[in-house]
**Q** 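Can you keep this structure in mind? I'll have questions shortly.
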Amino acid sequence: MKVLLIGANGQLGSDLLKVLRAAGDTVTPVTHAQLDVCSEQRVADLIAEAKPGVVISTAAYHRVEECETTPALAFQVNGIGAMNLAKACRRSGAVLANFSTDYVFDGKKNAAYEETDLPSPLNVYGASKVLGEQLIAAYTDRHFVIRTCGLYGVAGSRGRGGNFVETMLKKAMAGEAIRVVDDQVLTPTYTADLAEATRKLIVTERYGLYHVSSEGQCSWYEFTRHIFERAGLEAKVLPVNSSEFASPVKRPANSVLSKAKFRGLGLSIPSWKDALPRYLQERSKKSPTSPVGVS
């Protein structure tokens, strides 16, 4: 494939770049600093110049607490930015793959969410991503909107200054008592696995909306315990109710996404329990002096 990759130096983008190049694809990597998706003209010019067959965009404003106080920016990036990409891809004939979130749902369902479930976001971030999904579908048929959940990768989230796994490891090594919510269920997803799954999905040319996250589910508390177990660290972890954390952001209690549609294409993605030790091994290659191993 000939791919224009937007957000190529981010947490997911870094893994996408590795996967695409390993598969022999021709990739034009673009960073967020090089392209503001809110600029319709700049987006159009770049896609016209690069002439990609596929545009993969990880561009998003995902600092959820900031989204509550700057909603206009959230809707501009996550909504209008997605529309700009869709319009430019339609004109050029390129396929668009864009990422969305479990936060489009309110978390009240007692089962995994399917693509046919109606969105009902609890916060500005989720609402802005719903807008982006709808605008992409309105402006181009040849698209993949990929909802995912609980991302962590070796590159770390630039917007969040790391990822959940790294935050927990740092707290444990500092000897801190750690309080983690146990009433929010999700599927932690390793970005290396998501990148592999994304490429496999794109080459099917079965366009549309898909849920793609690791298999399985756990609470944030269970995930944290598993992190320390696999890293061989002793830490005091206390399960708490989400109501004990003061936050301006309402988060879904259930963020589990059904992969039935994805699996129906003959595709698969590893479980979160399989992914975590591979992530810990990979991070140790990046930082060989890290005291955290894999047990």
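Because the structure is predicted, anything quoted here is derived from the model rather than measured.
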**Q** For Ser255 and Arg251: C-alpha separation, side-chain torsions, deciding distance, then whether side-chain hydrogen bond (donor to acceptor under 3.5 Å, both in side chains) applies.
**A** CA-CA 9 Å; Ser255 287; Arg251 291 174 167 83; over 6 Å; no
**Q** Under 4.0 Å between a Lys/Arg side-chain N and an Asp/Glu carboxylate O for Asp25 and Arg21?
**A** no
**Q** Any Lys/Arg nitrogen of Arg283 or Glu166 sitting under 4.0 Å from an Asp/Glu carboxylate oxygen of the other?
**A** yes
**Q** Could you list the residues that satisfy side chain to side chain donor-acceptor pair (under 3.5 Å) with Asp15, not counting sequence neighbours?
**A** Thr191
**Q** Go through the structure and list residues passing ring pair (Phe, Tyr, Trp, His ring centres under 6.0 Å) with Tyr190, not counting sequence neighbours.
**A** Tyr152, Tyr279
**Q** Can you confirm whether more than 12 heavy atoms, excluding those of Lys250, are under 6.0 Å from its NZ atom?
**A** no
**Q** Closer than 4.0 angstrom, basic N to acidic O: yes or no for Glu114 and Lys259?
**A** no
**Q** Provide the full list of ring pair (Phe, Tyr, Trp, His ring centres under 6.0 Å) pairs with a residue in residues 249-275, sequence neighbours left out, each pair given once.
**A** Phe223-Trp272, His226-Trp272
**Q** Can you give the donor-acceptor pairs under 3.5 Å from side chains of residues 173-182 to other protein atoms, not counting sequence neighbours?
**A**
from	atom 1	to	atom 2	distance (Å)
Glu176	OE1	Lys171	NZ	3.4
Arg179	NH2	Glu244	OE1	3.2

**Q** Inspect the surroundings of CZ in Arg206 and state if more than 12 heavy atoms from other residues, nucleotides or ligands are less than 6.0 Å away.
**A** no
**Q** Out of the candidates Leu257, Thr189, Leu276, only one should pair with Ser214 under the side-chain contact (heavy atoms from CB on, under 4.5 Å) rule; please name it.
**A** Thr189
**Q** What heavy-atom pair brings Asn84 and Val37 nearest, and what distance separates the two atoms?
**A** ND2-O, 2.9 Å
**Q** Under 4.0 Å between a side-chain nitrogen and a carboxylate oxygen: does that hold for Arg278 and Asp193?
**A** yes
**Q** Does CD belonging to Glu49 count more than 12 external heavy atoms closer than 6.0 Å?
**A** no
**Q** Evaluate the side-chain proximity of Pro71 to Val124: yes if any heavy-atom separation is below 4.5 Å, no if none is.
**A** yes
**Q** Can you sort out the partners of Arg42 under salt bridge (charged side-chain N to carboxylate O under 4.0 Å, His left out), two or more places apart, ordered by chain and number?
**A** none
**Q** For Tyr61 and Thr70, run side-chain hydrogen bond (donor to acceptor under 3.5 Å, both in side chains): C-alpha distance rounded to whole Å, both residues' side-chain angles, the deciding distance at 0.1 Å, then the answer.
**A** CA-CA 10 Å; Tyr61 184 42; Thr70 55; 3.2 Å; yes
**Q** Could you note down all residue pairs passing side-chain hydrogen bond (donor to acceptor under 3.5 Å, both in side chains) where residues 134-144 supplies at least one of them, sequence neighbours left out?
**A** Arg142-Tyr207
**Q** Would you name the heavy atoms of Pro121 and Gly126 that are closest together and state the gap between them?
**A** CB-C, 3.6 Å
**Q** Take a 6.0 Å sphere around CZ of Arg199 and say whether it holds more than 12 heavy atoms from other residues, nucleotides or ligands.
**A** yes
